[in-house]
Asker: 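Can you keep this structure in mind? I'll have questions shortly.
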Amino acid sequence: MPEGHLLHRAAREISADLAGAPVRATSPQGRFDAAPVDGQVLLRTEAVGKHLLHRFDGLAVHVHLGMRGLHLRYDDPRSPPRPGVRLRLSGARAAWDLIAPSTCELLDDAAVDRLLAGLGPDPLGPDDEDEAVRRLRSARGPVGAALLDQAVWAGVGNAWRSELLFVARLPPEAPCADLPDDVVRGLWRVTRALLAAGRDAGQVVSDPAAPDERWVYKRAACRSCGAPVRAWPLAGRTAYACPVEQA
DNA sequence: GTGGCATGGACAT
DNA sequence: TGTCCCTGCCACA
């Protein structure tokens with residue numbers, strides 16, 4: 001379930017467990033060469049959008065979970081890994097296993113810079129509101145496509161797309177170019193607030209008063225007004241919207 | 001037990 | 001736009 005808020009949560013937890021000390025880095029599965037960082041001090045683990053970076057001196061392990069990847073944490077760093085673990089990072093307090101990522105690779109600092117250069121502002125990163133607004137308003141096509149474009153805003157995925165656009169009462173097919181500046185600012189601010197709540201809760205939170213509920217995502221009826229939710233493919237993924245409140 | 005789908009993205013077409 | 005990918009979950013049988 002890897003949208004940006006969960007990567008930020010993982011980064012926070014991995015850093016708390018492992019950063020500041022040498023880590024053991026292995027690939028039980030054998031599909032990743034962990035030797036260059038094995039025994040090195042993990043400076044920090046950070047998330048940028050949906051990307052995770054384990055930072056070592058001059059080198060980083062870049063992880064992207066894709067749709068199916070996951071992390072497993074073990075209190076006992078000696079716990080045997082399950083089959084298929086691509087990367088295990090272990091320290092004195094815990095072990096973190098990476099399973100089925102779409103990307104797990106070593107990057108030098110220049111390659112990290114290139115990666116980051118391709119990403120838009122992260123709602124869970126430094127608040128770069130003017131740049132965020134500029135990128136969204138200048139995106140081509142509908143706002144529902146722009147929100148999934150990681151070069152526009154980095155970290156929003158399909159569940160957030162539907163929920164954020166509902167909260168902002170915007171129809172997903174509204175052209176970005178037509179959105180007033182203050183509307184986009186409002187969307188950015190609610191995105192920052194809700195993703196932060198989601199990071200802290202470990203799940204999508206689109207209504208802080210009811211953190212387990214969704215407004216429209218994968219629902220048959222709008223949680224607010226009860227109208228039948230509209231679901232259709234938009235930018236390659238299923239979009240959900242209320243036909244009444246997001247008209 | 002099996003098949004379809006998915007909170008992702010790269011790549012071919 | 002379609003397809004594939006080191007999975008997990010669900011519905012269904």
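Numbers restart at 1 for each chain; the letters A, B, ... are given by sequence-line order, proteins then strands.
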Asker: Tell me whether the NZ or CZ atom of A:Arg161 lies within the 45° cone about the ring axis of A:Tyr240 and under 6.0 Å from its centre.
Answerer: no

Asker: Are A:Arg219 and A:Glu213 within salt-bridge range, i.e. N to O under 4.0 Å?
Answerer: yes

Asker: From CH2 of A:Trp232 over to C1' of C:dT1, roughly how many Å is that when rounded to an integer?
Answerer: 19 Å

Asker: Go through A:His8 and A:Asp122 one step at a time and tell me if the side-chain hydrogen bond (donor to acceptor under 3.5 Å, both in side chains) criterion holds.
Answerer: CA-CA 10 Å; A:His8 279 266; A:Asp122 181 343; 2.7 Å; yes

Asker: Using modelled atom types and a 3.5 Å cut-off, is there a donor and acceptor pairing between side-chain atoms of A:Asp75 and backbone atoms of A:Ala94?
Answerer: no

Asker: What pairs of nitrogen or oxygen atoms, one from the protein and one from nucleotides 9-12 of chain B, lie under 3.5 Å apart?
Answerer:
{"from": "B:dG9", "atom 1": "OP1", "to": "A:His64", "atom 2": "NE2", "distance (Å)": "3.4"}
{"from": "B:dG9", "atom 1": "OP2", "to": "A:Lys50", "atom 2": "NZ", "distance (Å)": "3.1"}

Asker: Does atom CG of A:Asp57 have more than 12 heavy-atom neighbours, drawn from other residues, nucleotides or ligands, at distances under 6.0 Å?
Answerer: no

Asker: Measure from the side-chain N and O atoms of A:Gln150 to the backbone N and O of A:Val156, and report whether any donor-acceptor pair falls under 3.5 Å.
Answerer: yes

Asker: For C:dA13 versus B:dC5, give the span between their P atoms, rounded off to a whole number of Å.
Answerer: 15 Å

Asker: Report the distance from atom NE2 of A:His62 to atom C1' of B:dG8, rounded to the nearest whole Å.
Answerer: 12 Å

Asker: Between B:dG8, C:dG8, C:dC5, which one does the side chain of A:Arg68 approach most closely?
Answerer: C:dC5

Asker: Would you please name every residue forming a ring-ring contact (aromatic ring centres under 6.0 Å, His included) with A:His51, sequence neighbours left out?
Answerer: A:His62, A:His64

Asker: Considering only nitrogen or oxygen atoms on both sides, find all protein atoms under 3.5 Å from nucleotides 9-11 of chain C and state each distance.
Answerer:
none

Asker: What pairs with A:Trp215 under ring-ring contact (aromatic ring centres under 6.0 Å, His included), at least two apart in sequence or on another chain?
Answerer: A:Phe166

Asker: Please state how far atom CG in A:Leu6 lies from atom C1' in B:dG8, giving the value in whole angstrom units.
Answerer: 13 Å

Asker: Between B:dG8 atom C1' and A:Asn158 atom CG, what is the distance in whole Å?
Answerer: 10 Å

Asker: Mind checking the P distance from C:dG8 to B:dA10? Whole angstroms is fine.
Answerer: 23 Å

Asker: For A:Leu7 and B:dG8, give me the distance from atom CG to atom C1', rounded to whole Å.
Answerer: 11 Å

Asker: Is a side-chain donor-acceptor pair under 3.5 Å present for A:Glu3 with A:Asn158?
Answerer: no

Asker: Contact list please: residues 107-117 of chain A against DNA chain B, heavy atoms, distance less than 4.0 Å, in numerical order.
Answerer: none

Asker: Just jot down the ring-ring contact (aromatic ring centres under 6.0 Å, His included) partners of A:His71, sequence neighbours excluded, or say none.
Answerer: none

Asker: State whether A:Arg189 and A:Asp182 are salt-bridged, where the test is any N-O pair (Lys NZ or Arg NE/NH1/NH2 against Asp/Glu carboxylate O) under 4.0 Å.
Answerer: no

Asker: Round to the nearest Å and state the distance from A:Leu72 atom CG to C:dT7 atom P.
Answerer: 13 Å

